[in-house]
Amino acid sequence: MSMAAVETKKITLRTADNHEFEVEEAIAMEFSTIKTFFDENPDASEDTIPLPNVTSKCLSAIIEYCKSHLAFRARETSSSIDEQVRTYDEEFVKARDNESLKELILAANYLNIKALLDMLNQAVADRIKNKSVEYVRRFFGLENDYTPEEEAAIRAENEWAFEGVDPDDD
Amino acid sequence: MAKQVKVSEVADRISSLPDELLSHIISFLPLNQAVCTSILSKRWSKISTLMSNLNLEDSFTRRKSDSHNFMNFVDRVLFYHIGVVDKFRIRCGGFVDSYRLEGWIRYALQNDVRELDLSVACKKFNMLPIGVFTCDTLVALRLHSHKRCMFDLKVPVKIRLPSLKILHLSGIGLLDDDPINRLLSSCSLLEELVVDRCILKTRCRFNISIPTLKRLTIVFHERAYKDYEIVIDAPSLVYFKCRQIPKGFFHKNLSSLVEADIEFGKVLESANTFTSYNTAATDLFKGICNVKSLRICGLFGKVFPQGKIVIPELPKLTSLSIDGCFFVGWESMLPVLLASFPRLEALVLKVNIEIVKEVPSSERFPSCLWSQLKTLKILSCQGRKEMQMVGFFLKNAEVLENLSVEPRERKRPKPEKWRSKITKKLLKLPKASKNCKVLLV
């Protein structure tokens with residue numbers, strides 16, 4: 001007794017490092033950038049979509065995230081599902097180093113996936129919270145272009161905010 | 001040709017992130033830290049002014065001078081702020097000046113605020129700017145009273161909240177003329193309503209006729225409880241919680257309800273208090289009869305369910321959580337309670353039980369239970385007292401897959417020793433279901 005396979009439409013995506021990914025249409029539609037593209041070009045669904053700003057490592061992580069969240073949403077809402085979603089999000093972020101978090105943000109921003117982007121932004125904020133100014137500069141790869149007087153002026157203006165922030169502990 | 005993305009390139013590309021995205025990241029930080037980012041580099045002095053999420057918290061300072069600095073800081077932040085205010089959250093204590101506070105809220109209203117979350121202990125602040133009640137952009141409104149200072153909300157006559165989806169009122173005094181129903185009739189898109197320990201007039205009636213409502217929570221504090229009634233027509237309602245059962249419950253449509261959480265409260269403590277709630281309780285359970293998941297909390301066995309209302313059969317219920325105290329032994333209480341749930345698969349018990357003289361025979365319990373129960377969780381376990389009951393379940397539940405026991409939080413002289421003792425006891429108990437996993441959490 002054979003069961004006919006359900007035909008699910010697949011979209012092909014090509015990453016910056018020239019890997020091709022075949023994803024189900026439902027997942028590709030989670031990427032608002034791609035959804036908008038298809039809304040405007042309905043007959044382009046057979047073509048391969050190039051993603052020059054996304055690496056294969058990022059894309060496979062993002063596809064996993066969207067797949068899992070779609071599966072959570074398909075189940076009935078309940079407080080235990082909400083908890084499972086929270087746990088999944090925590091695990092997704094926990095193991096990644098700062099560099100991969102930053103890469104994921106760039107990719108999620110480019111692909112315009114709001115829920116993922118919000119979650120990643122919160123995760124980055126948690127990592128720079130209570131850290132020294134130097135740490136945050138290094139995290140974002142920034143050069144201090146203030147003169148010492150300018151820096152002192154900013155500290156004075158925002159005296160209340162700078163109170164209680166540890167100057168240089170890492 | 002594979003292209004390796006180097007770290008320095010990532011750093012360069014991070015700075016190519018638009019200012020709005022960077023400001024969104026720092027808006028998740030406490031406000032003072034977010035403002036401190038203005039010192040990172042010249043470009044960043046602008047980024048902190050673009051934050052669309054503003055989280056103003058003065059940590060309920062106890063000194064008036066600290067409060068002064070906080071108010072000046074907030075004034076400055078709002079003065080330099082550019083763009084819309086998406087989320088506006090204020091937590092502040094008694095020293096904050098109510099006029100300044102009102103000004104901050106008005107600023108948010110004027111900048112298309114979508115979420116407003118206020119927890120204020122300021123004594124003179126008892127009127128929200130009227131603009132809050134006629135805000136076109138507001139999607140979520142959360143008001144909490146601080147325990148030091150109850151907030152008496154005056155709800156104006158003219159209310160128009162066309163976008164409001166979430167309304168949380170916690171600890172608020174609502175002693176106007178029918179304030180809740182007036183609010184509800186002006187929120188045609190409401191999805192979530194929480195009325196938590198608010199001070200209401202006696203016999204207050206909740207008239208809930210909202211086609212979009214998905215979640216409803218009505219909670220009263222035990223000591224500040226006054227009778228209330230619920231009249232409800234909510235075809236999209238998925239979750240319902242009440243603490244202290246109502247004195248009247250009239251439902252028209254609860255066809256989507258999946259999960260309910262009922263805390264009986266004081267009414268179960270004596271036969272005198274209970275008789276007047278009998279009808280409402282019966283109607284309540286009729287209303288939630290299609291739920292799949294239920295939590296009941298109270299004192300069982302004194303008045304209920306013996307001789308008074310009995311929970312009707314809930315044919316779709318697969319997951320049950322019983323929380324509270326048993327006035328009689330578990331061997332007579334549980335069979336009565338479980339008789340209403342013929343499809344039960346998952347059971348959570350958080351009950352004070354005692355060791356009973358005679359372990360019941362399995363036939364006292366509904367027979368379908370033993371062939372269906374897959375998960376059993378015992379919470380707040382003290383150790384010895386629950387072993388007898390756990391052993392009874394293990395011996396009779398033929399398809400049990402998971403048994404987990406969570407100990408009560410307590411200072412024990414040798415916690416590891418206690419844990420291994422209990423684990424050993426658990427693992428020794430005979431099991432009807434050979435593959436059942438037994439776990440001490």
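Chain naming here is simple, since letters A, B, ... match the order of the sequence lines and numbering starts at 1 in each. These figures come from a predicted structure and were not determined experimentally.
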Name the member of Asn109(A), Asp126(A), Ile154(A) that forms the most heavy-atom pairs with chain B at distances under 4.5 Å.
Asn109(A)
Step-by-step ring pair (Phe, Tyr, Trp, His ring centres under 6.0 Å) determination, Phe88(B) to Trp104(B)
CA-CA 9 Å; Phe88(B) 198 66; Trp104(B) 300 338; 8.1 Å; no
Thinking salt bridges, do Glu263(B) and Arg243(B) make one under a 4.0 Å N-O criterion?
yes
Counting heavy-atom pairs closer than 4.5 Å to chain B, which one of Arg137(A), Glu150(A), Glu151(A) comes out on top?
Arg137(A)
Where does Leu117(A) contact chain B at under 4.5 Å (heavy atoms): side chain, backbone, both or neither?
side chain
Give, as side chain, backbone, both or neither, the part of Ser45(B) having an atom under 4.5 angstrom from any heavy atom of chain A.
both
Determine whether Ser100(A) and Asp97(A) satisfy the following criterion, side-chain hydrogen bond (donor to acceptor under 3.5 Å, both in side chains), listing intermediate values before the conclusion.
CA-CA 6 Å; Ser100(A) 30; Asp97(A) 62 13; 2.5 Å; yes
Within 6.0 angstrom of Lys241(B) NZ, more than 12 heavy atoms from elsewhere
yes
So for Glu143(A), is it side chain, backbone, both, or neither that comes closer than 4.5 Å to the heavy atoms of chain B?
backbone
State whether Glu401(B) and Lys374(B) are salt-bridged, where the test is any N-O pair (Lys NZ or Arg NE/NH1/NH2 against Asp/Glu carboxylate O) under 4.0 Å.
no
Side chain from CB out, backbone as N, CA, C, O: work out which of these in Asp118(A) comes under 4.5 Å of a heavy atom of chain B, or both, or neither.
both
Proximity breakdown for Ser38(B) and chain A, heavy-atom pairs closer than 4.5 Å:
both
Between Lys67(A) and Glu24(A), does any NZ, NE, NH1 or NH2 come within less than 4.0 Å of an OD or OE carboxylate oxygen?
no
